[in-house]
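Just below is one structure, and these are the notes that go with it.
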Amino acid sequence: MSWYGFGFNGFGQIVAHGREDTGTPCVNQVKVTIPTAVEFPSKCPGSVSKGRSLQLSASWSRTALFPVQGDGQVHLTGFLDGVSSSQKDITRSSGCLDAQINERYLTLRFPDKVECWSCDGADMELVWKTDQDSSDTPQGHSAQLPLVPEGYIAHGPPLFRPLSVQLQAVSLALGSGHAVLLCATGTIYTWGNGSHGQLGHGSLVPEEEPRVVEALWGVPLRSVAAGGWHSACIGEGGDLYMWGWNESGQLGLPSRRCRKKAEQNKETGPPGGQQGDTAEDVCISIQSFPALVDIPRVSEVKRVSCGSRHTAAVSSDYGQLGHGTLCSSDEPCLVDFFPTHGLRVEDVRCGPWNTFASVTTADPTG
């Protein structure tokens, strides 16, 4: 299994920028338009060359990769110690089972503890720590970050935020200012900033405490995701629901901005000809209730991830991504690089302005 990345690469977090003084090719791609294999140093303990599967976490300027077996170290690429296109192995991460990176902190989960390290400067500083036991509830040891025992780790201070154990938290996705929580019952709760309908309650007001998304009450759900100002979830049957801001078509619903851009790109018709309907009256800028998204030729979605203003999905049918283009689009588009290269997408992670796909070699027999 290996990772491919595409999108914003201004800090070398996908492909390191070449440096003329070192004699390496000068890549200097700010935008990686074609999915490109994410390379790791051969000395990286969890390198693909040693047959180990890697997990990935992405922030605005850096990417963290680590072996899922917990027998290696976290490897950071991107903007580190004030320098772009840098790489660093975090020795203190040896044995971690999960990791999450943002612009200020690196959070590490070990079998017996969770640590949060500041990564603002050259010297990382431990800013928060808690012990945990393998016999903890599902909200503890077995849950993925940002969930920790009795709460979760936020993007900024205060880092630890408590959660009621009665919620039976299974998975938590954090947007730029809101949270989407999946419970063991298959119900989801949201809270935080609601200015763009990202909470799914039919309003644009904030919620200080977790509130159930009533529009999805009774619909068993299995996965949640959160972007800058939008949210997503997947039902047990593989249906994809999305809500929030749709300015760039990130919900897969008609967007006025995308339609206007498409019209501008079309060739001008003959003078006096009819231009037809622009469908602006059905365009959606904010979807404050969850909407079922129709992806052509996809019967079931198994993974979804949200960036700042884009969304990527993986189908169960062919293991392909549902979105990827230079221009903003309000229609799910297949990233055909993977099937044409005999690759099957297994998972996807979105950074704010880029996308990473975990792939395996496709079975030619289907």
Side-chain angles (χ1 to χ4, degrees), residues 1-18 25-40 47-49 53-58 62-65 77-78 85 225 227 232 234 238 240 242 248-252 258 261-262 265 293-366:
M1 181 180 292
S2 56
W3 285 90
Y4 281 71
F6 49 100
F8 179 65
N9 187 49
F11 300 97
Q13 63 269 53
I14 300 175
V15 180
H17 297 169
C26 234
V27 180
N28 293 335
Q29 286 182 280
V30 175
K31 296 180 181 179
V32 176
T33 59
I34 299 175
T36 303
V38 178
E39 297 180 356
F40 313 99
S47 64
V48 176
S49 62
S53 297
L54 293 173
Q55 193 54 269
L56 181 146
S57 176
R62 54 181 69 102
T63 303
L65 301 111
T77 60
S85 297
I234 302 175
L240 176 63
M242 301 198 67
S248 297
Q250 57 263 52
L251 303 185
C258 293
K261 186 66 175 179
N265 292 336
V293 179
D294 177 36
I295 303 180
R297 297 179 298 280
V298 171
S299 61
E300 182 179 349
V301 173
K302 68 174 183 178
R303 298 282 191 275
V304 65
S305 184
C306 299
S308 178
R309 299 185 185 186
H310 74 291
T311 303
V314 182
S315 73
S316 297
D317 300 309
Y318 304 104
Q320 297 164 344
L321 293 181
H323 181 82
T325 174
L326 274 177
C327 301
S328 297
S329 173
D330 56 9
E331 297 179 359
C333 303
L334 170 68
V335 179
D336 58 6
F337 171 90
F338 299 106
T340 57
H341 285 75
L343 299 174
R344 177 183 178 88
V345 178
E346 301 293 344
D347 202 355
V348 65
R349 293 286 187 275
C350 287
W353 283 12
N354 49 32
T355 306
F356 296 87
S358 175
V359 304
T360 57
T361 302
D363 184 357
T365 64

Atom pair [atom1]/[atom2] of [X] and [Y] - distance to nearest 0.5 Å:
X	Y	atom1	atom2	result
Asp294	Glu331	CG	CD	10.5 Å
Leu56	Thr77	CG	OG1	8.0 Å
Ser358	Arg344	OG	CZ	11.5 Å
Ser85	Ile14	OG	CD1	11.0 Å
Gln13	Trp353	CD	CH2	11.5 Å
Ser308	Gln250	OG	CD	8.0 Å

For this session: Mind checking side-chain contact (heavy atoms from CB on, under 4.5 Å) for Ala232 and listing every partner two or more places apart, or none if nothing turns up?
Result: Ala225, Leu240, Met242, Val304, Cys306

Side chains of [X] and [Y]: does their closest heavy-atom pair fall under 4.5 Å?
X	Y	answer
His17	Asn9	yes
Thr63	Leu65	yes
Val348	Thr355	yes
Val301	Ser315	no

Taking all atoms of both residues into account, what is the closest heavy-atom pair of [X] and [Y], and its distance?
X	Y	value
Phe356	Gly5	CD2-CA, 3.8 Å
Ile34	Val32	O-CG1, 3.2 Å
Gly307	Cys350	N-CB, 3.5 Å
Ala37	Tyr4	N-CD2, 3.4 Å

Exercise. Under 6.0 Å between ring centres, would you say that holds for Phe337 and Phe6?
Worked result: no

For this session: Would you sort out whether Val359 and Ser2 count as a side-chain contact (heavy atoms from CB on, under 4.5 Å), showing the intermediate values?
Result: CA-CA 6 Å; Val359 304; Ser2 56; 3.7 Å; yes

For this session: Please identify each residue that fulfils side chain to side chain donor-acceptor pair (under 3.5 Å) with Thr361, with sequence neighbours left out.
Result: none

Exercise. Does the pair Glu346/Lys302 count as a salt bridge with the N-to-O cut at 4.0 Å?
Worked result: yes

